[in-house]
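Index from 1, following the sequence. Model, not experiment: these values are computed from the prediction. Atoms within a ligand are numbered from 1 in the order they appear, just like the ligands themselves.
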Amino acid sequence: MLSYRHAYHAGNHADVLKHLTLLAILQQLRNKDKAFVGIDTHCGNGFYNLASEPARKTGEAAQGFMRLWQRREQLQNVDLVGDYLALVAGVNPVDTGATIGNYPGSPAIMQSQLREDDRVILMELHSTEIEHLRDNFKRDPRISIHHRDGFEGAVALTPPTPRRGLLLMDPAYENKADYQQAIKAVRAVHRRWPTGIITLWYPMLGQSRDFSSLVKQKLGTVADSVSIELTVAPQSDEFGMHGSGMMIINPPWQLAERVNAALNRIRPLLQV
Ligand SMILES: C[S@@+](CC[C@H](N)C(=O)[O-])C[C@H]1O[C@@H](n2cnc3c(N)ncnc32)[C@H](O)[C@@H]1O
């Protein structure tokens, strides 16, 4: 039984890290005149409303993306951050000032960067989320949508054609077994698709529940890999998720330098 709903967490500091990194990778893939494939194994529904009841209930977006949005005039010329803000502005029909409604999830960020010959494969297991995902993306012929387990689908659907592209794995980590499953799936995908850019998001939690070092230990030894992290508070069992990371296998040239430069500019705004 899946109980996680991304609507409660959309636009939090973890999404800021994940979506900045995703956008930077997609931009680099677009730089060459060759088609690419994007694979998103744990999609959610693709679009969120940061003014909705779930978002207001947790206040996570208010402490995350909204802090950047409120300073968008100062941030619009910061490399990558400006592009991210423009992307979010683009899914909102009117500039509503300090507040904002729509926020794009990872499938929408992938869609925003597609050219005519690029393709995207979306997966989601939750029976309600998959319906919203279908409603949001079924009219785009470049996108295929699967109601299936993303760990299994990641392995079954790789290597894709064409071979150039990226896979994003963004599990909810509702149970401890998700860590082992994610590590296993990423390794299997890398064996099947050695040139693919494979990214895994992981949370950084209080000491008693923190598996981030396991992820880094198991995947950081893959020949060409890097992890990019954003923390917003000191580690403590009381606080919960004080940060998160993106493990990237086969990162594009200077990806970490570019994303880290952007994070250095926004980190002070996101501190708790
Ligand atoms: C963190 S959310 C995804 C957020 C999304 N990647 C984004 O950035 O907008 C994780 C999603 O994975 C879904 N999920 C959980 N277990 C899954 C599985 N085994 N396979 C595919 N999706 C799963 C959940 O229903 C949830 O919608």
Side-chain angles (χ1 to χ4, degrees), residues 1-26 38-50 52 54-55 58 60-61 64-65 84 87-88 91 102-113 120-137 143-158 166-186 188-189 198-205 211 215 228 230 240-241 243-248:
M1 166 86 180
L2 300 173
S3 57
Y4 179 93
R5 292 286 187 295
H6 198 61
Y8 289 88
H9 310 287
N12 66 5
H13 61 82
D15 263 10
V16 171
L17 167 74
K18 188 192 309 167
H19 295 160
L20 273 176
T21 309
L22 176 63
L23 179 59
I25 295 172
L26 290 163
I39 304 175
D40 193 342
T41 63
H42 294 67
C43 282
N45 65 42
F47 283 99
Y48 301 93
N49 189 324
L50 301 188
S52 67
T58 61
E60 290 185 23
F65 176 77
Y84 174 47
L87 197 160
V88 180
V91 298
N102 302 331
Y103 181 82
S106 52
I109 293 173
M110 286 199 188
Q111 184 187 37
S112 76
Q113 301 302 306
V120 158
I121 300 170
L122 304 178
M123 293 172 234
E124 168 61 47
L125 191 57
H126 193 284
S127 54
T128 314
E129 297 291 84
I130 186 70
E131 291 311 321
H132 297 305
L133 189 69
R134 284 199 177 114
D135 285 348
N136 286 330
F137 298 98
I143 299 181
S144 54
I145 305 166
H146 300 244
H147 184 196
R148 72 193 289 175
D149 176 5
F151 298 121
E152 170 273 323
V155 182
L157 300 177
T158 51
L166 96 145
L167 178 140
L168 169 67
M169 187 170 287
D170 180 22
Y173 297 102
E174 282 186 83
N175 52 57
K176 248 166 78 175
D178 280 1
Y179 288 93
Q180 293 295 357
Q181 265 197 297
I183 291 166
K184 203 170 147 203
V186 166
V189 171
I198 306 164
T199 64
L200 174 68
W201 176 85
Y202 57 88
M204 298 167 78
L205 302 164
F211 289 89
V215 172
I228 302 174
L230 171 65
M241 185 170 69
S244 70
M246 288 285 275
M247 173 60 72
I248 302 138

Quiz prompt | Between OG on residue Ser144 and CE on residue Met123, distance to nearest 0.5 Å | solution = 8.5 Å
Quiz item: What do you reckon, does His126 have a nitrogen or oxygen under 3.5 Å from a nitrogen or oxygen of ligand 1?
Solution: no
Quiz item: Nearest protein heavy atom to atom 17 (C) of ligand 1, by residue and atom, and its distance?
Solution: His42 CD2, 3.5 Å
Exercise. Among all protein heavy atoms, pick out the one at the shortest distance from atom 25 (O) of ligand 1; state its residue, atom name and that distance to 0.1 Å.
Key: Glu124 OE2, 2.6 Å
Exercise. Classify the contact between Asn45 and ligand 1 as side chain, backbone, both or neither, using a heavy-atom distance cut-off of under 4.0 Å.
Key: neither
Quiz prompt | Protein residue, atom and distance nearest to atom 2 (S) of ligand 1, heavy-atom basis | solution = Tyr4 CE2, 3.5 Å
Exercise. Would you kindly specify which portion of Ala10 sits under 4.0 Å from ligand 1, judged on non-hydrogen atoms: side chain, backbone, both or neither?
Key: neither
Quiz item: Considering Gly153, Ala182, Gly150, Ala185, which one's heavy-atom position lies nearest to atom 21 (C) of ligand 1?
Solution: Gly150
Quiz item: Is Ser106 in polar range of ligand 1, meaning some N or O pair under 3.5 Å apart?
Solution: yes
Self-check item: Min side-chain heavy-atom separation Leu200-Pro171 under 4.5 Å
Solution: yes
Quiz item: Closest non-hydrogen protein atom to atom 4 (C) of ligand 1, residue and atom name please, with distance?
Solution: Asp170 OD2, 3.2 Å
Self-check item: Shortest protein contact, atom 16 (N) of ligand 1 (heavy atom only)
Solution: Leu2 CD2, 3.8 Å
Exercise. Report yes if some N/O of Asp149 lies less than 3.5 Å from some N/O of ligand 1; otherwise report no.
Key: yes
